[in-house]
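One structure is given here, and the rest of the page talks about it.
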There are 4 protein chains.
Amino acid sequence: MPVIKRKKILEAAATVFSQKGFHQARMDEIAKEAGVAKGTLYYNFSGKSKLFAATVTEGMEKIIGQVEKELESDLPFKEHLRKLIRSNLSLYLKYSDLSKIVFNELTSGIDNDVLEEIEKVRLRYIDFIADLLRQGRERGYLKEIDTRLAAVGIVGFLDNLCNYYLKNHEMLDQETLIDIMFSILSSGLLAHEG
Amino acid sequence: MPVIKRKKILEAAATVFSQKGFHQARMDEIAKEAGVAKGTLYYNFSGKSKLFAATVTEGMEKIIGQVEKELESDLPFKEHLRKLIRSNLSLYLKYSDLSKIVFNELTSGIDNDVLEEIEKVRLRYIDFIADLLRQGRERGYLKEIDTRLAAVGIVGFLDNLCNYYLKNHEMLDQETLIDIMFSILSSGLLAHEG
Amino acid sequence: MPVIKRKKILEAAATVFSQKGFHQARMDEIAKEAGVAKGTLYYNFSGKSKLFAATVTEGMEKIIGQVEKELESDLPFKEHLRKLIRSNLSLYLKYSDLSKIVFNELTSGIDNDVLEEIEKVRLRYIDFIADLLRQGRERGYLKEIDTRLAAVGIVGFLDNLCNYYLKNHEMLDQETLIDIMFSILSSGLLAHEG
Amino acid sequence: MPVIKRKKILEAAATVFSQKGFHQARMDEIAKEAGVAKGTLYYNFSGKSKLFAATVTEGMEKIIGQVEKELESDLPFKEHLRKLIRSNLSLYLKYSDLSKIVFNELTSGIDNDVLEEIEKVRLRYIDFIADLLRQGRERGYLKEIDTRLAAVGIVGFLDNLCNYYLKNHEMLDQETLIDIMFSILSSGLLAHEG
DNA sequence: GATGAATGAGGCTTCATTCAT
DNA sequence: TATGAATGAAGCCTCATTCAT
């Protein structure tokens, strides 16, 4: 009920989980970060796994929602693609904590049902992109390829590069990065197709 | 000296680490899997982190070596790219244990020097690909792009798709997957360039 | 807060540490002796070394406090000296556990900061005695000697004899022992000085 | 048989045991210090405890022998006492390693038979001093006191001060220390006896 | 005689979870 | 609702000892 306290906890959890990863994150630390007693975590969430699941899903839902919103407009497909890349990058940087969890913390040792829940969020994002591609394909802008597979590849491609940028941002201009990502994804690596 | 015992341990470690992840892997289990006493692990490696590091680096060196060997021939660049994709996939499937570690287990909580060692292996692979691209670019087959960045993106792209294939291989033909990966990487998503 | 539980733990620790010494004392055994779970030890003290330090310092503070109290009165110096000897003996016997630790367990292998803390308590006792001597010297009852050094010697003298008495008390009357200790310390070994 | 190897091991053991104490000394380290393989320790001594016992007893026998030799002459008792003090100090400083063991490492956790063996050496030294005193007493130089008890006290007195000197030798002249020790032991603390 | 790789019992410590208040 | 003291299972690691060579 006290939605504020729940939010405080989830924010603290996001911070700690992303800094330490699931297994290294300590309930103690999350409680301290949230400014509540450890018991309170258990009063609001049934255990560590469930707190983790809530953190990830609620966080990701918010992010996906933002990407969707930013892509609502009715632009030509190429612009859509560029915008997706830009949004993905800026949100990755903004919520790098959460992103790292979703894309790197899928190791086992987490309750299976929790893992599945997280996988579901991942898939929601992939399907959202697949949908984007499908729309483009239906209008003829896109090759005739399996859009789900393409989306999987794109997410890996973007994720790896965003992560690389995060670690090396001093050596790399953001717009340049976006240009490169767009160039490869739209027309590939080869010098000229023909 | 008994290189065989060392190898047995590293193989067992690769199995367990990839199944459980670093933090959930138990030294007990690795010892049992290797058929040695727990103390033997510590006699040969100074601790869990170091065993992990050895597992990953020695394993990856082997894999990278294999990819390099398979790509030694003097094919046209497009064929080289296709071969890279094919090798990457087959080795990913063959050594999926190790691959999962390197690409997913870079969470914190591992000794920093170990993490750096692993990162070094990752970079070796990326630089190997970047080199491949540079050769292609120098002969004019490739766009004028930052080859390091392209390599980072490609690795993420391939890794995500290989991993997806691993989980869904019943729904997907291997050659089809290779075709799609090649198509996107070589000429992008767009229907026609120009 | 539950000062009672803390006290229970410290008492159990004093017992076990003095019976087994620092390195041979087992946290398991201390917990059992205290009637708490092993985790409770760690909830109240950050580790074995810190528990040891607390046991020693808190125990010794109490003992030193008692000696000081018993010597508060304004007796002539010779009576003071005799009283010191008597108090030292009776407290050594009463808290032989603790005494053995402080005077015999200063071996290495204990955290250095803990060793220093213990050394500090030892010095407090030595300085207390040195002070006693200084007062006597100022009033002319005592030789003109370095009181700190004398105190160090006295403590060793008393400690060794108390310990000897502890092991051989059936062969030795307590008052006789006090007389001997007093005799040597006050007028030395020689038959007649002059 | 190879008395040289045995000696090398015992010297290494003395070094390591005195630096680390019995429980913290590692057989590995002793072997390394001695320049032999670990198995060789077990080939020559049946275990850690026995090696410790041999180290202490053989070492102490040597030291006691030296003190006895230095006191062989037929000096007046007072000179004898002063010489004892001087020898005790110089040997303590020379073999501080061993001394620390004998006087501080009598914690339990060592095999009981080994402890008894060490205690026996301690007593030999105490009895040697008691003998010295008895001779003096018989010639009328000494008070009519229990010489065994006096010896126990003297050993504690000297040991504590030697140890103090060892830690604070920069602040203290050796001859001054000997004077003080002699003064207190011979004529006590009081200003004038009468 | 000598070696050192291998062992495994046993220690310290962590931390998710519980529950009386 | 909220707390935080208490728990104890479980993990990493050490090291004296053994034994095949």
Separation of dT14(E) P from H23(A) NE2 (nearest whole Å): 19 Å
Sugar-phosphate only, base, or nothing, as touched by A31(B) at under 4.0 Å among non-hydrogen atoms: nothing
Contact nearer the 5' end of DNA chain E, comparing A37(D) with S46(A): A37(D)
Whole angstrom value for the distance that separates C1' of dA16(F) from CG of L41(D): 11 Å
K8(A) atom NZ, over 12 foreign heavy atoms within 6.0 Å: yes
K20(D) NZ to dA16(F) P, straight-line distance once rounded to whole Å: 11 Å
5' precedence on DNA chain E between G39(A) and K48(C) (nearest-nucleotide basis): K48(C)
Rounded interatomic separation in angstrom, taking CD1 from I30(B) and C1' from dC13(F): 14 Å
Euclidean distance, atom CG of residue D28(B) to atom P of dA9(E) [Å, nearest integer]: 11 Å
Nearest-nucleotide 5' precedence on DNA chain F, A25(D) against G35(A): G35(A)
Closest nucleotide among dA16(E), dT3(F), dC12(E) to the R26(A) side chain: dA16(E)
Partner nucleotide of dA20(F) by Watson-Crick or wobble geometry (both distances under 3.5 Å): dT3(E)
Atom-pair distance (CZ on R6(D); C1' on dA2(E)), nearest Å: 17 Å
Residue-phosphate contact under 4.0 Å: N44(C) side-chain N/O, dA6(F) OP1/OP2: yes
Complement of dT14(F), any strand, by Watson-Crick or G-U distances under 3.5 angstrom: dA9(E)
Nearest-angstrom distance from the residue atom CZ of F22(A) to P of dA16(E): 9 Å
N or O in side chain of Y42(D) less than 4.0 angstrom from dT17(F) OP1/OP2: yes
Atom of I30(D), atom of I9(D) and distance for their closest heavy-atom approach: CG2-O, 4.4 Å
Touch class at under 4.0 angstrom, heavy-atom based, for K5(D) against every strand present: sugar-phosphate
Parallel, tilted or perpendicular, as decided by the 30° and 60° cut-offs, for the rings of F52(D) and F17(D): perpendicular
Between dT17(F) (P) and Y43(D) (OH): distance, integer Å: 18 Å
Closest listed nucleotide, where the reference is the side chain of M27(D) and the choices are dG4(E), dT3(F), dT17(F): dT17(F)
Side-chain-base donor-acceptor pair under 3.5 Å for K38(D) and dT17(F): yes
Heavy-atom pair with the smallest gap, counting every atom of M27(A) and L41(A): O-CD1, 3.5 Å
Expected output: side-chain K48(D) to main-chain A25(D) donor-acceptor under 3.5 Å: yes
